[in-house]
Amino acid sequence: MFVKKIFLPQDQMPTQWYNPMPDLPTPMSPPLNPETMEPLTPDMLSPIFPDSLIAQEMSTERFIDIPQEVLDVYKIWRPSPLVRADRLEKAIGAKCKIFYKDESVSPAGSHKPNTSVPQAYYNKIEGVKRLATETGAGQWGTALSFACAQYDMECVVYMVKVSYEQKPYRKMLINTYGGTIHPSPSDQTRTGREMLAKDPDCKGSLGLAISEAVEDAATRDDTKYALGSVLNHVIIHQTITGLEVQKQLEMVGEKATHLVGCVGGGSNFGGLVLPFMPQKLEGDPVKFIPVEPKACPTLTRGEYRYDFGDMARLTPLVKMHTLGHDFMPAPIHAGGLRYHGDAPIVCNVVNEGLCDPVAYFQTDCFEAAKLFMRTEGFLPAPETSHAIKGAIEAAKTAGPDDVIVFLYSGHGMLDLASYDAFNQGLLTNFELPQRDIEEALKACPDVK
Ligand SMILES: *Cc1c(COP(=O)(O)O)cnc(C)c1O
């Protein structure tokens, strides 16, 4: 019988995450303290992160045990199915096979609980009672409030005010999980109050929301901060998806030739492809294809250099592909793909020439998402539509022996307004003039 959905039995779920650090051909450049330009030491991170996550951030162990209490929560939805997109294959006349790893089946509806759950757990066992974070479109806030509910912790989310007002359903989800949510700028922090005093109508920005969440964590003994992408420990947690895909492909006797994922901060893409890196380094020709919006072309047009992780210049300097921390991307509907930089691990691997990054216009991605919905039935998140577009494009030149696997990072059931705009022909495309990129890059610090 033709198998459409490949379910890995729960007792065969991976029990360790993969850490690519020891296998990188060129070691990572260390994060730097922006004041001294010296490499960051663990004690500088301890006001906002628990020791076990700081240790993971700097770990050189190839495999890291997943704690039993985390496996217990993962079991709510993991292992996630690997699905053959045969109906999409037919519609596009593909000669190859296409599979998608369905991370939309998690309680929060995306891959983000793969890291929110262990982050909440490690904080919990170190005595932290409360986690503070920021959220843009609301997916990360949802994932973290779900995870905090699992371990009886408080969760405080600073949500960019404009999204808070435009996307009320995420707020309702977060509240129902028991989380507290403040539109940012809020009256909860000094940063927020100062901004409100200056401009009572300020609609906020992700940079401002990060500043509020970090201030909240740094000024309270019972609270730490959690970040949903970019950091090494986040990418490590996300490797559960790639490790499961390896087992699932083995179950049906297939071998991946193309691995595709959308890239915002790089965590779902990194989680899918990095477990395949050792075999690629040994000569396996498997292609890694990160897909980004043309409106925020970090990997395809950014520069590989040290930059701040945020607009407010609060974070350490990290070496990554960047469009400049001042870069303000156009308001495309894939809110999760509007970050000016990318995860340093993913950038390291891209810089080694191990990836083939591509960028597409949002209307072409929505078109791909619509075709996916009409053939495979499910409604993808606008972010995920980029991976679908990437897979369809890769299929055009793929042959009968090729196997494309893309990561289906989330569902779009709370993004229907974007589809409405697309259906009404209201979406516009943005391509950055080279001049704007060069201008934004001038704000990067000069680090050799
Ligand atoms: C957050 C998010 C992304 C982008 O984040 P990455 O860290 O690049 O994975 C992509 N898809 C969905 C559904 C998301 O919620």
Side-chain angles (χ1 to χ4, degrees), residues 80 100-116 119 133-147 157 159-160 163 167 169-170 173-174 206 226-242 259-274 288-293 296-299 309 320-321 329 332-347 349-350 355 357 359 362 365 369 372 378-390 406-415 418:
S80 68
Y100 66 95
K101 177 65 168 164
D102 188 3
E103 291 299 308
S104 75
V105 300
S106 81
S110 75
H111 63 290
K112 289 196 169 77
N114 295 335
T115 185
S116 69
Q119 288 194 49
T133 197
E134 75 286 338
T135 197
Q139 281 145 326
W140 171 240
T142 309
L144 193 67
S145 56
F146 154 68
V157 180
M159 184 166 182
V160 181
S163 310
K167 305 195 168 187
Y169 293 106
R170 287 282 168 194
L173 263 179
I174 290 168
L206 202 55
L227 192 62
S229 187
V230 178
L231 298 177
N232 300 343
H233 66 263
V234 176
I235 311 290
I236 290 171
H237 300 156
Q238 291 294 350
T239 60
I240 182 98
T241 69
L259 295 169
V260 184
C262 65
V263 178
S267 73
N268 84 82
F269 171 74
L272 173 69
V273 310
L274 289 169
F288 298 166
I289 307 177
V291 188
E292 55 188 20
C296 191
T298 317
L299 295 174
M320 61 181 176
H321 290 81
I332 54 164
H333 285 260
L337 306 185
R338 294 176 69 233
Y339 183 55
H340 69 273
D342 275 323
I345 295 185
V346 169
C347 293
V349 172
V350 168
C355 299
Q362 67 172 352
C365 295
F372 181 88
F378 292 104
L379 176 76
E383 291 83 0
T384 311
S385 74
H386 290 72
I388 299 172
K389 174 69 178 164
F406 71 88
L407 198 130
Y408 191 85
S409 58
H411 70 64
M413 294 304 278
L414 298 181
D415 303 286
S418 309

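Just so you know, these numbers use all the heavy atoms, side chains as well, and skip hydrogens, waters and symmetry mates. What you are looking at is a predicted structure, and each value in this text was computed from that prediction instead of being measured. Numbering of ligands and ligand atoms starts at 1, following listing order.
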| query | With atoms numbered from 1 as shown, which atoms in ligand 1 lie under 4.0 angstrom from a non-hydrogen atom of K112? | reply | 1 (C), 2 (C), 3 (C), 14 (C), 15 (O)
| message | Looking at every heavy atom in both K112 and A143, which two are closest together, and how far apart are they? | response | CB-CB, 3.7 Å
| note | For V263, the ligand 1 atoms with a heavy-atom partner under 4.0 Å come out as 8 (O)
| task | Give the minimum heavy-atom separation between N268 and L407, together with the two atoms involved. | result | OD1-CD2, 3.4 Å
| field | Region of N268 engaging ligand 1 - heavy atom pairs below 4.0 Å | value | both
| By number and element, which atoms of ligand 1 are closer than 4.0 Å to a non-hydrogen atom of G266? | 6 (P), 7 (O), 8 (O)
| task | Check L227 against V234 and note the closest heavy-atom contact, atom names and distance. | result | O-CG2, 3.4 Å
| query | Given side chains that start at C-beta, do those of V260 and V291 come closer than 4.5 Å, heavy atoms only? | reply | yes
| request: Please identify which atoms of ligand 1 are closer than 4.0 Å to at least one heavy atom of E383. | output: 10 (C), 11 (N), 12 (C)
| Which class fits the ring pair F269 and F288: parallel under 30°, tilted 30 to 60°, perpendicular over 60°? | perpendicular
| message | As an exercise, identify every atom of ligand 1 less than 4.0 angstrom from a heavy atom of G336. | response | 4 (C)
| Selected option - heavy-atom contact closest to atom 6 (P) of ligand 1, from A143, S267, A137 | S267
| message | Whether the H411 and S104 side chains hold a donor-acceptor pair (N or O, under 3.5 Å, no angle test) is what I'd like checked. | response | no
| Can you check whether G410's main-chain N or O pairs, donor with acceptor, with T384's side chain at less than 3.5 Å? | yes
| said: As an exercise, identify every atom of ligand 1 less than 4.0 angstrom from a heavy atom of G410. | reply: 13 (C)
| field | Close approach, H111 and ligand 1, non-hydrogen under 4.0 angstrom | value | yes
| query | Got a sec, which residues hit salt bridge (Lys or Arg N to Asp or Glu O under 4.0 Å) with E103, two or more places apart in sequence or on another chain? | reply | R78
| said: If I apply the N/O under 3.5 Å rule, does G228 come out as touching ligand 1? | reply: no
| Protein contact of atom 13 (C) of ligand 1 - nearest heavy atom, named by residue and atom, plus distance | S409 OG, 3.4 Å
| task | Any atoms of ligand 1 less than 4.0 Å from a non-hydrogen atom of C262? List them with their elements. | result | 10 (C)
| Identity and distance of the protein heavy atom lying nearest atom 7 (O) of ligand 1 | S229 OG, 2.5 Å
| query | Would Y100 and F372 satisfy ring-ring contact (aromatic ring centres under 6.0 Å, His included), going step by step from the backbone distance to the final call? | reply | CA-CA 11 Å; Y100 66 95; F372 181 88; 5.2 Å; yes
| For atom 8 (O) of ligand 1, the protein heavy atom that lies nearest, with its residue and separation | G264 N, 2.7 Å
